[in-house]
Protein chains: 2
Amino acid sequence: MSEVATEHNRIVDAAARLFYERGIHAVGMDAIRTEAGVSLKRLYGEFASKDELIAEVLRRRTEIWDAGIAAAAASAATPRERLLAIYDFLDGWFRTDDFRGCGFINAFGELGAGSPAVAEIARAQKERFQRYVGRLVRELGAPEQLGDQLALLAEGAQTTAAISGRPDAASHARAAAVTLIDVALAA
Amino acid sequence: MSEVATEHNRIVDAAARLFYERGIHAVGMDAIRTEAGVSLKRLYGEFASKDELIAEVLRRRTEIWDAGIAAAAASAATPRERLLAIYDFLDGWFRTDDFRGCGFINAFGELGAGSPAVAEIARAQKERFQRYVGRLVRELGAPEQLGDQLALLAEGAQTTAAISGRPDAASHARAAAVTLIDVALAA
DNA sequence: TACTGTAGAGAACGATCGTTCTCAGCGCAA
DNA sequence: TTGCGCTGAGAACGATCGTTCTCTACAGTA
């Protein structure tokens, strides 16, 4: 049973890695089978279809994202620092070798319209993040709309870092966030 | 010859529409052939391969984007207004029925890593935009990095509007832009 | 009227996709 | 030992992809 659990995870991890690297359509079930080192039969025993595996990969990705944000916030003492920790987290991520943009944005762009399930998972993930930012903004005592603006900066940094290949998008976003926060608090 | 030119355009327009709607991998050459109303032979006479057609579609898309931005800026009297016109342009775009995010971000997410040509066209397009914003910021007499921040807001608004389905991302970006511009000019 | 060149319609090809099926091998109860 | 159930390896299937080829119809010329 623990065997099954680790094989399940191995499949999800392998699929996540390949999907993120090459895009979803470009990766066949056979490549996932090879990367995960399991039989095709087992693969289809764990996931009834590729669509189901895609959904599971995205769900797993939300957990990883949440954990990363939480870890970055853990060493921050104030709501303001926790907000800025988001951009520090992004900065570190953008500098990893295999960074290739936000997996949700990529998945949505590739098959969003054709796959309501994927569109919904991506939407939910972005909403969760917006709510997290909104909560911190409220703790800060700043007006609600600051949260929308700070989330926008984080989204923009991700696509800019991916396409332009400029990791300093994170520090630009951070600088803009500092300005917006200060103005909001001074009002 | 004008016959050929309009058929060429019909093909590009049809492909652009389908790629944007359904994603690139999901659209076959046969669907493009049908949508454009040309023969397969003609299609491959105009474009040697699907890759070439994809590149042409993206190049055309940069022209449309540039024209949209220019048109929005045309009715603005000052650099500041021309900067804010960007977000008004986005607002109108986000509210169109068939809006499905930035075509460059989508294409890059889908096959960026596997297609250097597509990655380069997307990168070049984003760089052009950043330069345009940078030029306006310079006319404004504001520090260089304001341009990076304003571009970030525009990028973030596009992905947020697409995934979350909230066209008001444009007005949030605009509000943030106003704040950042005012602070930059006051300094 | 016969000949030539071109273009349209779509059949055909080889590759690859997601998915299912076959079959040999192995652990294990009786 | 015999029979049974399960598993792994991968062959096989039908669909669809990008691309090419065939064949037919016809416009223009002598």
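Below, read A as the first sequence line, B as the second, and so on, with proteins coming before strands; counting in each chain starts at 1.
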Could you go through nucleotides 7-9 of chain C and list every protein N or O atom that sits under 3.5 Å from one of its N or O atoms, giving the distance for each pair?
unit_1: C/dG8; atom_1: OP2; unit_2: B/Ser39; atom_2: OG; d: 3.4
unit_1: C/dG8; atom_1: O6; unit_2: B/Lys41; atom_2: NZ; d: 2.9

Measure from the side-chain N and O atoms of [X] to the backbone N and O of [Y], and report whether any donor-acceptor pair falls under 3.5 Å.
| X | Y | result |
| --- | --- | --- |
| B/Asp91 | B/Arg174 | no |
| A/Arg82 | A/Ala73 | no |
| A/Asp148 | B/Asp168 | no |
| B/Glu110 | B/His25 | yes |

Item to check | Ring-face cation of B/Arg61 near B/Tyr20 (centre distance under 6.0 Å, axis angle within 45°) | outcome: yes

Checklist entry - Between A/Trp65 and A/Phe104, is the ring centre distance below 6.0 Å? => result no

Item to check | Residue that, paired with A/Ile32, satisfies side-chain contact (heavy atoms from CB on, under 4.5 Å) out of A/Val38, A/Leu18, A/Leu40 | outcome: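 For A/Ile32, the side-chain contact (heavy atoms from CB on, under 4.5 Å) check succeeds only for A/Leu18.
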
Find every protein N or O atom lying less than 3.5 Å from an N or O atom of nucleotides 15-18 of chain C, and list the pairs.
unit_1: C/dG18; atom_1: OP1; unit_2: A/Val27; atom_2: O; d: 3.4
unit_1: C/dG18; atom_1: OP1; unit_2: A/Lys50; atom_2: NZ; d: 2.3
unit_1: C/dG18; atom_1: OP2; unit_2: A/Met29; atom_2: N; d: 2.8

Checklist entry - For B/Arg80, which residues count as a side chain to side chain donor-acceptor pair (under 3.5 Å) partner, sequence neighbours excluded? => result B/Asp182

Item to check | Set of side-chain contact (heavy atoms from CB on, under 4.5 Å) partners for A/Ala16, sequence neighbours left out | outcome: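 side-chain contact (heavy atoms from CB on, under 4.5 Å) check on A/Ala16 returns A/Val57.
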
Checklist entry - Which ILVMFWY residues can you reach from A/Ile64 by hopping between side chains whose heavy atoms are under 4.5 Å apart? => result none

Next on the checklist: What's the angle between the local helix axes at either end of the helix from C/dT1-D/dA30 to C/dA30-D/dT1, using five pairs per end and rounding to 10 degrees?
Outcome noted: 30°

